[in-house]
Amino acid sequence: MALEKGSTVQKYRLHTTDTGSTRVQVALLTERINYLTDHFRAHKKDHHGRRGLLKMVGTRRRLLTYLKRSDLPTYRSLIDELGLRH
């Protein structure tokens with residue numbers, strides 16, 4: 001898989017040991033979702049993989065709802081950085 005988790009974690013972490021905050025999780029899920037979206041353009045019949053993609057989208061949506069409820073400024077900055085909700 002052509003994903004580079006380390007650089008994504010470094011970019012979105014809140015402090016040096018942060019690897020699992022909501023912000024980092026949403027960024028990693030977005031990276032995987034974007035990768036799989038490109039994958040499905042080439043492999044239209046990969047329905048099992050598509051189910052995993054839909055589960056990731058749902059997980060990201062729940063994390064974003066939590067972030068919006070708990071820390072609105074962080075939520076707004078994160079969706080701008082990731083290019084979501086345009």
Side-chain angles (χ1 to χ4, degrees):
M1 200 150 63
L3 298 176
E4 188 57 46
K5 284 172 101 172
S7 63
T8 304
V9 170
Q10 281 185 337
K11 183 175 179 184
Y12 292 99
R13 67 185 177 191
L14 300 172
H15 51 82
T16 56
T17 59
D18 177 20
T19 57
S21 67
T22 306
R23 192 176 149 84
V24 172
Q25 288 181 55
V26 169
L28 287 172
L29 280 169
T30 300
E31 188 174 321
R32 288 184 67 198
I33 288 168
N34 291 339
Y35 174 80
L36 283 174
T37 303
D38 291 339
H39 169 80
F40 291 125
R41 287 196 179 101
H43 303 91
K44 295 187 186 317
K45 295 187 178 185
D46 184 4
H47 301 297
H48 287 76
R50 196 174 309 274
R51 179 175 186 265
L53 171 68
L54 292 174
K55 287 178 67 101
M56 281 184 247
V57 170
T59 302
R60 181 180 70 178
R61 183 182 49 79
R62 285 192 301 275
L63 285 168
L64 283 170
T65 302
Y66 164 75
L67 192 59
K68 185 177 183 180
R69 188 176 67 237
S70 62
D71 190 2
L72 191 58
T74 301
Y75 167 80
R76 287 184 176 150
S77 69
L78 185 62
I79 60 172
D80 285 340
E81 288 178 40
L82 294 174
L84 302 173
R85 319 263 174 175
H86 33 122

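FYI, side chains are in, hydrogens and waters are out, and symmetry mates aren't considered; it's all heavy atoms of this structure.
- Separating the CZ atom in R76 from the CG atom in D71 is a distance of 11.0 Å, to the nearest 0.5 Å.
- A donor and an acceptor atom, one from each side chain of H39 and T37, are nowhere located under 3.5 Å apart.
- Cluster membership check: Y75 shares its hydrophobic cluster with L84, using side-chain heavy-atom separations under 4.5 Å among Ile, Leu, Val, Met, Phe, Trp and Tyr.
- A distance of 12.0 Å separates OG1 of T19 from CD of Q10, quoted to the nearest 0.5 Å.
- Between the CG atom in L53 and the CZ atom in F40 there is a gap of 5.5 Å [rounded to 0.5 Å].
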Exercise for the section: Using the side chain to side chain contact (heavy atoms under 4.5 Å, CB included) rule, take M56 and L36 through it: C-alpha gap first, then chi angles, then the decisive distance, then the call. Expected result: CA-CA 10 Å; M56 281 184 247; L36 283 174; 3.2 Å; yes
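- Judged purely by distance below 3.5 Å, without hydrogens or angles, the side chains of T30 and R60 pair a donor atom with an acceptor atom.
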Problem - Working for side chain to side chain contact (heavy atoms under 4.5 Å, CB included), residues T59 and L29 - result: CA-CA 8 Å; T59 302; L29 280 169; 3.8 Å; yes
Handout entry: Stepwise side chain to side chain contact (heavy atoms under 4.5 Å, CB included) check, L72 with L67
Key = CA-CA 7 Å; L72 191 58; L67 192 59; over 6 Å; no
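- Of the inter-residue distances, the one linking R61 atom CZ with K68 atom NZ reads 12.0 Å to the nearest 0.5 angstrom.
- Minimum heavy-atom separation, H15 to R13: O-CD, 3.2 Å.
- Distance check, rounded to the nearest 0.5 Å: CZ of R50 to NZ of K44 gives 8.5 Å.
- The pair R23-E81 counts as a salt bridge, with a side-chain nitrogen and a carboxylate oxygen less than 4.0 angstrom apart.
- Qualifying side chain to side chain contact (heavy atoms under 4.5 Å, CB included) partners for Y66, counting only residues two or more places apart in sequence or in other chains: T22, R69, S70.
- When every heavy atom of V9 is checked against every heavy atom of D18, the shortest pair comes out as CG1-O, 3.7 Å.
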Handout entry: Derivation of the side chain to side chain contact (heavy atoms under 4.5 Å, CB included) call for L82 and Y12
Key = CA-CA 10 Å; L82 294 174; Y12 292 99; 3.2 Å; yes
